[in-house]
Protein chains: 2
Amino acid sequence: MNRRASITDLAKALGLSASTISRALADHHDVSEATKARVRQLAKELHYQPNPLAAGLRRGRSNTLGVIVPHITGYFFPEVIHGIASEASEAGFNVMICQSNEDAQQERQIIELLMGAQVAGILLSLSDTTTDFEHFEAVRQQGVPLVFFDRVVQGFKGTNVTSVTLNDYLGAYQVVEHLIAQGCRRIAHFTGPLHVNIHKNRHQGYLDALAAHGLTPDPRLTAFCELSQQGGAAAMRGLMRLSATRRPDGVFSSNDLAAVGGMQVAKKLGFRVPEDVAIAGFSNEVFTQLTEPALTTVDQRCEQMGRTAVQQLQKMLPSPGHTPATPRGIVLKPKLVVRDSSQR
Amino acid sequence: MNRRASITDLAKALGLSASTISRALADHHDVSEATKARVRQLAKELHYQPNPLAAGLRRGRSNTLGVIVPHITGYFFPEVIHGIASEASEAGFNVMICQSNEDAQQERQIIELLMGAQVAGILLSLSDTTTDFEHFEAVRQQGVPLVFFDRVVQGFKGTNVTSVTLNDYLGAYQVVEHLIAQGCRRIAHFTGPLHVNIHKNRHQGYLDALAAHGLTPDPRLTAFCELSQQGGAAAMRGLMRLSATRRPDGVFSSNDLAAVGGMQVAKKLGFRVPEDVAIAGFSNEVFTQLTEPALTTVDQRCEQMGRTAVQQLQKMLPSPGHTPATPRGIVLKPKLVVRDSSQR
DNA sequence: GTGAAAGCGCTAACAA
DNA sequence: TTGTTAGCGCTTTCAC
């Protein structure tokens with residue numbers, strides 16, 4: 001069980017210096033093609049594998065990307081991570097996944113951990129209990145590229161900071177426009193607390209789409225509820241008990257789960273979906289294809305978001321023949337997914 | 001922007017040698033308590049952070065765990081990864097997540113990558129196109145702990161190799177027993193190809209449970225189908241068209257998706273679930289709570305599997321005051337989750 | 001209980 | 001085009 005081959009070994013074997021080997025392997029332009037060929041040849045023979053730990057130590061920077069998400073469960077984050085991991089691997093990065101468990105304290109610790117491990121960059125979706133942003137200072141100041149995705153810190157700028165988000169406003173606008181096109185005139189909206197960005201934006205998209213088509217938003221049709229199956233069910237129960245003229249003929253829920261809860265209640269109360277009430281959700285979760293009828297929703301381009309985040313990160317990284325730049329925040333276009341729950 | 005504090009810095013500041021600092025920080029027994037206190041004190045003041053790259057280089061081993069999964073999508077793998085990441089983080093490991101994309105070739109490359117990065121251990125769920133196991137030889141021979149989870153290589157043994165799996169047989173047995181207890185007498189089974197382990201085991205559990213309760217398995221009630229929504233739908237259509245005496249009054253599907261497909265068809269054909277036909281799936285996917293009626297299924301203990309895998313790995317790792325051992329393969333007990341689709 | 005010395009494998013500035 | 005030198009930060013003998 002002999003030691004794995006090192007650059008020094010190659011150097012000795014070929015009667016060259018370690019630096020030349022190093023340069024040859026890195027395909028440096030000022031090494032003769034002949035030498036490169038010899039080096040590569042031997043490297044292959046000896047199954048030479050670079051030691052990233054040593055390279056990282058020397059360079060003061062590893063080739064690992066740190067990823068911080070609130071959690072690795074549910075639909076959204078795994079999909080985004082899938083995108084991140086795929087793109088990163090294609091670009092030659094490793095990925096370290098960390099969960100903040102929606103806890104600002106843990107988020108802080110993970111940042112320290114990643115900075116300690118000298119990651120090449122950090123991809124981060126904010127914990128929802130994070131209220132101060134002190135811990136990002138170190139990242140910014142040390143020039144480690146930082147990309148916020150989905151949950152961003154508004155107004156946290158820097159030459160090495162950017163973001164990738166979804167245009168929630170547009171997504172909401174499109175769903176509501178679609179519902180109007182299907183003949184809905186009294187469209188309700190299930191929403192979470194409006195101080196949360198995504199809900200604020202989706203709500204605004206809802207309002208603006210109505211207005212743009214000459215419909216006056218009725219505040220009684222905006223249901224603030226917990227966006228769970230139960231929450232959606234309760235909200236729907238309240239709405240469908242209204243008199244026929246005040247009852248909604250369409251519902252746009254700020255997430256899929258509440259939409260399903262609502263749909264189940266509507267059916268139970270004897271209303272037909274979509275004929276009596278058309279329903280749409282938001283996120284394109286897996287189960288939206290399985291409901292009866294299948295749920296119209298908005299696709300969040302999760303994988304795309306992950307890939308884009310890595311691409312943005314790379315732009316901020318110095319590399320041969322490319323000076324780091326600060327890309328502007330990217331806002332992804334959502335995609336309306338029309339299914340039976342809204343088509344009539 | 002001054003350099004981060006190193007052990008050398010601490011040494012200078014305290015008039016001690018680097019070795020003493022290193023030992024103090026590692027809580028070595030032959031450093032005086034007084035010195036330790038002084039060192040820890042200063043370390044805190046200077047925000048000293050160990051450099052894992054340097055330590056790894058020196059030790060020839062990093063503190064990172066490599067994880068290889070076929071993909072990071074769907075329900076199962078993200079949940080397991082969640083468990084792995086949580087447990088690993090509590091034990092002070094970082095986790096590097098890699099996807100083989102169900103491709104043996106990529107799996108091989110990732111193994112090389114991880115070995116190159118000198119990971120402390122590897123957690124692996126086999127790609128379904130992997131047929132030769134040559135690439136695990138290097139891992140076994142270098143003594144890097146290897147834990148297979150869920151999808152294992154039968155008969156690949158070694159002092160540094162173990163596995164964590166689910167008792168599929170038992171899960172199937174329990175569901176079928178439950179269906180029998182609910183009064184089902186003609187129970188059908190949706191299965192995938194029997195050369196795949198999980199299906200073989202679930203099928204056997206199904207057969208044995210029937211036999212144990214005096215029911216003779218009818219081969220015509222075993223439906224080989226694609227385990228998708230469409231596959232389940234097609235299978236159910238075939239079965240429910242049989243004459244009343246040959247028609248099943250219960251269905252156990254080898255996965256949840258096909259169970260849902262089947263349930264939708266049964267309802268469409270005018271059968272009541274669970275009264276006319278009780279239905280159960282396998283995996284406890286999220287959407288099983290959302291169907292109407294909610295689907296009875298078997299929980300696979302995903303997170304537990306991840307946590308257990310990390311624990312098993314740790315047992316094979318040398319550490320102060322503990323000699324590495326080879327744990328036996330762990331087989332987790334599944335958990336029957338009874339919901340409305342089977343309760344009558 | 002502490003220190004001195006050596007070196008893990010690599011890279012980059014500088015020299016030739 | 002190639003070599004020399006030095007050192008990244010840490011751990012671990014071995015010596016005192």
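Order of the sequence lines sets the chain letters (A, B, ...), proteins ahead of strands, with each chain counted from 1. Atom set for the values below is all heavy atoms of this structure, side chains included, hydrogens, waters and symmetry mates excluded.
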(message) Quick one, A:R58 with A:L53, criterion side-chain contact (heavy atoms from CB on, under 4.5 Å). Give me CA distance, side-chain angles, the key distance, then yes/no.
(response) CA-CA 9 Å; A:R58 179 59 237 242; A:L53 261 39; over 6 Å; no

(request) Give the rounded distance in Å between these two atoms: CZ of B:R58 and C1' of C:dG9. (result) 12 Å

(request) Report yes or no: do B:T130 and B:E107 form a side-chain donor-acceptor pair below 3.5 Å? (result) yes

(message) By nearest heavy atom, map A:Y48 and B:L16 onto DNA chain C; which one lands nearer the 5' end?
(response) B:L16

(request) Starting from P on D:dC10, measure out to CD on B:Q49 and report it in whole angstrom. (result) 11 Å

(message) If the condition is side chain to side chain contact (heavy atoms under 4.5 Å, CB included), which residues does B:A37 pass it with, not counting sequence neighbours?
(response) none

(request) Report the distance from atom CG of B:L14 to atom C1' of C:dG3, rounded to the nearest whole Å. (result) 15 Å

(message) Taking 4.0 Å as the cut-off, does a side-chain nitrogen or oxygen of A:S32 come that near to OP1 or OP2 on D:dT2?
(response) yes

(message) Nearest whole Å is fine: how far is C:dA4 C1' from B:I7 CD1?
(response) 15 Å

(request) Give a yes/no answer on whether the side chain of A:S17 brings an N or O atom under 4.0 Å of OP1 or OP2 in D:dT2. (result) no

(request) Say whether, by atom type as modelled, one donor and one acceptor occur between the side chain of A:Q49 and the main chain of B:E112 under 3.5 angstrom. (result) yes

(message) Strictly below 4.0 Å: does B:T35 bring a side-chain N or O up to OP1 or OP2 of C:dT2?
(response) yes

(request) Would you classify B:D30 as touching base, sugar-phosphate or nothing, given that sugar-phosphate means primed atoms plus P, OP1 and OP2, and contacts are heavy atoms under 4.0 Å? (result) base

(message) So, does A:T8 get its side chain near the phosphate of C:dC10, meaning an N or O under 4.0 Å from OP1 or OP2?
(response) no

(message) For the helix from C:dG1-D:dC16 to C:dA16-D:dT1, what angle separates the axis at the start from the axis at the finish, each from five pairs, in steps of 10°?
(response) 30°

(request) May I ask you to decide if B:K157's main-chain N or O and B:R140's side chain share a donor-acceptor pair within less than 3.5 Å? (result) yes

(request) Look at the side chain of A:S19 against the base of D:dT4 and say whether a donor-acceptor pair falls under 3.5 Å; ignore hydrogens and angles. (result) yes

(request) Please determine, for the side chain of B:S6, which listed nucleotide (D:dG9, C:dG9, C:dT2) has the closest atom? (result) D:dG9

(request) Consider the side chain of B:R23, meaning its heavy atoms from C-beta on, and name the nucleotide among D:dT11, D:dT12, D:dC8 that approaches it most closely. (result) D:dT12

(request) Would you check if the side chain of B:S125 reaches a backbone N or O of B:D150 as a donor-acceptor pair within less than 3.5 Å? (result) no

(message) Heavy atoms from C-beta onward define the side chain here; which of C:dC10, D:dT2, C:dA6 lies closest to that of A:T20?
(response) D:dT2

(message) Side chain of B:A55 only, heavy atoms from C-beta on: which candidate in C:dA4, C:dG9, D:dT11 is closest?
(response) D:dT11

(request) Check whether the side chains of A:S19 and A:S22 place a donor and an acceptor atom closer than 3.5 Å, and report yes or no. (result) no

(message) Is the phosphate of C:dT11 approached by A:S22 (side-chain N or O, under 4.0 Å from OP1 or OP2)?
(response) yes

(message) If you assign B:L57 and A:H28 each to the DNA chain C nucleotide with the nearest heavy atom, which residue ends up on the more 5' nucleotide?
(response) B:L57

